[in-house]
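Worksheet: one structure, shown below.
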2 protein chains.
Amino acid sequence: MILSKTTEYALSILGFMATRNRELYPAEYLYAQLKIPRQYLRRLLTDLTKKGFIASTRGRNGGFVFARDLSTINFSQVIDAMEGPEAMNTCLLGFAACIADHPCAMHDLWLEARAKMVETLTKTSLADLREKYLKDQVTNDK
Amino acid sequence: MILSKTTEYALSILGFMATRNRELYPAEYLYAQLKIPRQYLRRLLTDLTKKGFIASTRGRNGGFVFARDLSTINFSQVIDAMEGPEAMNTCLLGFAACIADHPCAMHDLWLEARAKMVETLTKTSLADLREKYLKDQVTNDK
DNA sequence: ATAATATACTACAAAAATGTAGCATTTTAT
DNA sequence: ATAAAATGCTACATTTTTGTAGTATATTAT
């Protein structure tokens, strides 16, 4: 499972915005591009605004823009914001077998495996994503 | 999020059974030990039986035993069986930004990060878990 | 001013995951 | 034979996640 649909949506939205060249992204435009259910998308955009990743302007010519530099937003931050910071921190074997006894045997291995994934997600910013995307595009168009 | 509660339960059950010295594990005993909701636990045990990890015997003196050698059951197999084989294989940025265009820029990084985790989960069997558990126990008791 | 085009909010609906209850069936000790 | 102790099964209940509808509010072009 790894990520909830909601978190995937959030990453999809931010990832899309980060790799295009618009200033402003109205919800309706994102809907047309991403096909995330319309009202759900709007709610997520409001959430992402409240969480400080993007900023909104209302009224005609309104829409969403990034609230801070792409280089300051990494994937772990987005995941933590959407799923809660504890989501990536539970023991693989759960409570019982782990806590009841002594730290579960799998704990170390699991921590290590997960740590590597989290590290990659932490060190990669939306700016990195954009850079990679643009480079790939040049290569493909050639 | 990473794993559903159901999958955590399954790993908890099998991990617990793998690290103790009983032959036979009746549901009621596992309930007492693991505190997984009683009826849900029973259902999971039936599922795990149908999926071939454990075998059941009914009637008095019945219960559950491993259906195959501990060394032939790894964590990936259990996760795949519980969540479906595709669960660990979706693109981080989801469909739209990824497929609509060209393979999404994040894809490679994501694949790599996840692959490491899956590798660890694949190469670790319940026999490894048991071994580690027993070793830790000796150390702790000293 | 007003209409058009945005986001914000609230309440509800549907689907999926998790949890519960109760009875049926099987086996074995007595 | 019968009671006890176990799994198997089905149907329902609750909770969480995901999705929908409609109205309120803000901004700007005309």
Side-chain angles (χ1 to χ4, degrees), chain A residues 1-13 17 22-32 34-67 79 82-84 86-87 90 94-96, chain B residues 1-13 17 22-67 79 81-84 86-87 90 94-96:
Chain A
M1 162 172 297
I2 299 196
L3 298 178
S4 68
K5 220 165 186 180
T6 300
T7 302
E8 281 189 5
Y9 286 162
L11 290 171
S12 195
I13 293 166
M17 287 175 61
R22 285 194 160 226
E23 275 298 306
L24 192 66
Y25 296 84
E28 208 50 32
Y29 173 74
L30 291 170
Y31 171 70
L34 298 175
K35 294 294 186 299
I36 295 166
R38 198 184 243 116
Q39 292 303 108
Y40 204 62
L41 168 65
R42 289 169 151 285
R43 191 191 299 178
L44 286 180
L45 287 167
T46 302
D47 283 0
L48 290 170
T49 301
K50 284 180 177 161
K51 283 169 175 155
F53 296 114
I54 53 180
S56 66
T57 43
R58 295 170 75 161
R60 198 162 179 166
N61 295 349
F64 300 88
V65 296
F66 276 105
I79 292 172
M82 301 308 290
E83 312 229 335
E86 283 314 300
T90 54
F95 1 99
Chain B
M1 161 172 298
I2 299 197
L3 299 178
S4 69
K5 220 164 184 180
T6 300
T7 302
E8 282 189 4
Y9 286 161
L11 291 171
S12 195
I13 293 165
M17 287 175 63
R22 285 195 159 223
E23 275 298 307
L24 193 65
Y25 296 84
E28 207 51 31
Y29 173 75
L30 291 171
Y31 170 70
Q33 296 291 320
L34 299 176
K35 293 294 186 302
I36 295 165
R38 196 183 246 115
Q39 292 303 108
Y40 204 62
L41 169 65
R42 290 166 150 283
R43 188 142 95 208
L44 287 179
L45 288 167
T46 303
D47 282 1
L48 290 170
T49 301
K50 285 179 177 161
K51 284 171 175 153
F53 296 114
I54 54 181
S56 66
T57 43
R58 296 171 75 162
R60 197 161 178 164
N61 294 348
F64 299 88
V65 297
F66 275 105
I79 293 173
M82 301 308 290
E83 313 230 335
E86 284 312 302
T90 53
F95 358 101

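If you're wondering where the values come from, they're calculated on a predicted model, not measured in any experiment. Chain naming here is simple, since letters A, B, ... match the order of the sequence lines and numbering starts at 1 in each. Every heavy atom of this structure was used, including side-chain atoms; hydrogens, water molecules and symmetry mates were not.
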Could you give the [atom1]-to-[atom2] distance, from [X] to [N], as a whole number of Å?
X: A:Leu41; N: D:dT20; atom1: CG; atom2: C1'; result: 13 Å
X: A:Ile13; N: C:dT7; atom1: CD1; atom2: C1'; result: 14 Å
X: A:Ile54; N: C:dA8; atom1: CD1; atom2: C1'; result: 13 Å
X: B:Arg38; N: C:dG22; atom1: CZ; atom2: C1'; result: 13 Å
X: B:Leu24; N: C:dT28; atom1: CG; atom2: P; result: 12 Å
X: A:Asp47; N: D:dG19; atom1: CG; atom2: P; result: 14 Å
X: A:Ile36; N: D:dT17; atom1: CD1; atom2: P; result: 18 Å
X: A:Tyr31; N: D:dA21; atom1: OH; atom2: C1'; result: 14 Å

- Where the side chain of A:Tyr25 meets the backbone of A:Met17, is there a donor-acceptor pair that is under 3.5 Å apart? yes
Out of C:dT28, C:dT20, D:dT20, minimum distance to the side chain of A:Pro37 belongs to D:dT20
Residue pairs passing the side chain to side chain donor-acceptor pair (under 3.5 Å) test with at least one member in residues 51-61 of chain A, sequence neighbours excluded, are none
Residue set satisfying salt bridge (Lys or Arg N to Asp or Glu O under 4.0 Å) with A:Arg38, at least two apart, ordered chain then number -> A:Glu28
The side-chain contact (heavy atoms from CB on, under 4.5 Å) partners of A:Ala55 (sequence neighbours excluded) come to A:Val65, A:Ala67
Applying side-chain contact (heavy atoms from CB on, under 4.5 Å) to B:Arg43 and not counting sequence neighbours gives B:Tyr40
In 5'-to-3' order, the base (B), backbone-only (S) or no-contact (-) status of each nucleotide in nucleotides 7-16 of chain D, using a 4.0 angstrom heavy-atom cut-off, is BSS-B-----
Taking side chain as C-beta onward, heavy atoms only, is A:Leu3 less than 4.5 Å from A:Leu11? yes
inquiry  = Any heavy-atom pair between the side chains of A:Leu48 and A:Met82 that's under 4.5 Å?
reply    = yes
Please state whether the phosphate of [N], meaning OP1 or OP2, lies under 4.0 angstrom from any side-chain nitrogen or oxygen of [X].
X: B:Asn61; N: D:dA5; answer: no
X: B:Tyr9; N: C:dG19; answer: yes
X: A:Lys5; N: C:dA16; answer: no

